[in-house]
Amino acid sequence: MDSKETAQALMDSVQRGRFDTAKTFLSDDFQISGFSSKPLNSKKWLNIIANLKMACADLNYHFQVQGSEGNVVHTTSQLSGTNSGAFDFTDINMGVISATNKKFSIAQEKTQITVKGDKVTSWTVEPTEGAGLKAILGQLGVKLPEAERKSTSKGRRKTS
């Protein structure tokens, strides 16, 4: 597989909720940044997105591969869904958040996925106004704990 095919296979696995398959596309030192206030390793990220899928059975990432430059694949995503179950965000110190039974649809985010060999080594989400975990929770009417609100807003500040 080339870099775009590897990135697409990972994104397809995530979209379908096949997290064991998704893990096979990730390097041992994989990190995702921009998804939450601090970079996450594969174990924490997969746990969080599995919990997100459980909390939103109709979760759709609207992933699209835009192109690539060498081993960096440029993609977009735009999450939407209905929060019909509890969010378990204990891995990022936010505890468990009860279901709101509300719909959300955040702004489209640009991402870069770096592939080395047949493994994804990093996934970087560009800060985007109206996107990310903070935007999802805001649309659902969930208040962030004060410490997380400060660190999330720093990590999500739009750059010029």
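Because the structure is predicted, anything quoted here is derived from the model rather than measured.
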What is the minimum heavy-atom distance between [X] and [Y], and which atoms define it?
| X | Y | answer |
| --- | --- | --- |
| Lys110 | Thr128 | N-OG1, 4.4 Å |
| Ala107 | Ala131 | O-CB, 3.5 Å |
| Ser42 | Leu26 | CB-CD1, 3.6 Å |
| Ser84 | Ala57 | OG-N, 4.1 Å |
| Ile106 | Ala135 | CG2-CB, 3.8 Å |

message: Run the side-chain contact (heavy atoms from CB on, under 4.5 Å) test against Ala50 and tell me which residues pass, sequence neighbours left out.
response: Phe19
With Ser33 via side-chain contact (heavy atoms from CB on, under 4.5 Å) - residues at least two apart: Pro39, Thr124
Checking side-chain polar atoms at under 3.5 Å, does [X] have a donor or acceptor matched by the opposite partner on [Y]?
| X | Y | answer |
| --- | --- | --- |
| Thr114 | Thr121 | no |
| Asn71 | Ser3 | no |
| Ser105 | Gln139 | no |
| Ser68 | His74 | no |
| Gln64 | Gln78 | no |

message: If you count heavy atoms of other groups shown closer than 6.0 angstrom to CG of Asp20, is the number above 12?
response: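 Check fails, neighbour count at 12 or below.
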query: Is it true that atom NZ of Lys23 has more than 12 heavy atoms of other residues, nucleotides or ligands lying nearer than 6.0 Å?
result: no
Value rounded to 0.5 Å, distance of [atom1] in [X] from [atom2] in [Y]:
| X | Y | atom1 | atom2 | value |
| --- | --- | --- | --- | --- |
| Leu52 | Asp88 | CG | CG | 11.5 Å |
| Tyr61 | Ser77 | OH | OG | 9.0 Å |
| Ser13 | Leu46 | OG | CG | 10.0 Å |
| Lys44 | Ile49 | NZ | CD1 | 15.0 Å |
| Leu40 | Ile32 | CG | CD1 | 7.0 Å |
| Glu129 | Glu109 | CD | CD | 11.5 Å |

task: Output, in order, the C-alpha distance, side-chain angles, deciding distance and verdict of side chain to side chain contact (heavy atoms under 4.5 Å, CB included) for Phe87 and Cys56.
output: CA-CA 9 Å; Phe87 287 112; Cys56 305; 3.9 Å; yes
[X] versus [Y]: any side-chain heavy-atom pair under 4.5 Å?
| X | Y | result |
| --- | --- | --- |
| Asn101 | Thr82 | no |
| Trp45 | Val14 | yes |
| Met1 | Phe25 | yes |
| Gln66 | Val73 | no |
| Ile113 | Val72 | no |

Looking only at atom types and distance, does a side-chain atom of [X] sit under 3.5 Å from a main-chain N or O of [Y], one as donor and one as acceptor?
| X | Y | value |
| --- | --- | --- |
| Asn51 | Asn47 | yes |
| Thr100 | Lys102 | yes |
| Lys53 | Arg18 | no |
| Gln15 | Leu59 | yes |
| Ser122 | Val120 | no |

Criterion side chain to side chain contact (heavy atoms under 4.5 Å, CB included) on Lys119 and Asp28, from CA distance to verdict: CA-CA 9 Å; Lys119 300 286 184 183; Asp28 292 340; over 6 Å; no
message: Determine whether His62 and Thr76 satisfy the following criterion, side chain to side chain contact (heavy atoms under 4.5 Å, CB included), listing intermediate values before the conclusion.
response: CA-CA 8 Å; His62 304 280; Thr76 59; over 6 Å; no
- prompt: Using the benzene-type ring in the case of Trp, are the ring centres of Trp123 and Phe30 under 6.0 Å apart?
  reply: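 Judged by ring-centre distance (under 6.0 Å), Trp123 and Phe30 do not meet the cut-off.
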- prompt: Could you give all pairs that pass the ring pair (Phe, Tyr, Trp, His ring centres under 6.0 Å) test and reach residues 98-118, with sequence neighbours left out?
  reply: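 Ring pair (Phe, Tyr, Trp, His ring centres under 6.0 Å) check on residues 98-118 returns no pairs.
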query: Does the side chain to side chain contact (heavy atoms under 4.5 Å, CB included) test come out yes or no for Leu133 and Phe89, once each step is laid out?
result: CA-CA 11 Å; Leu133 190 54; Phe89 290 138; 3.7 Å; yes
message: Count I, L, V, M, F, W, Y as connected when their side-chain heavy atoms are under 4.5 Å apart, and connections chain through other members. Are Ile136 and Val142 then in the same cluster?
response: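 They do share one cluster, since a chain of ILVMFWY contacts under 4.5 Å joins Ile136 to Val142.
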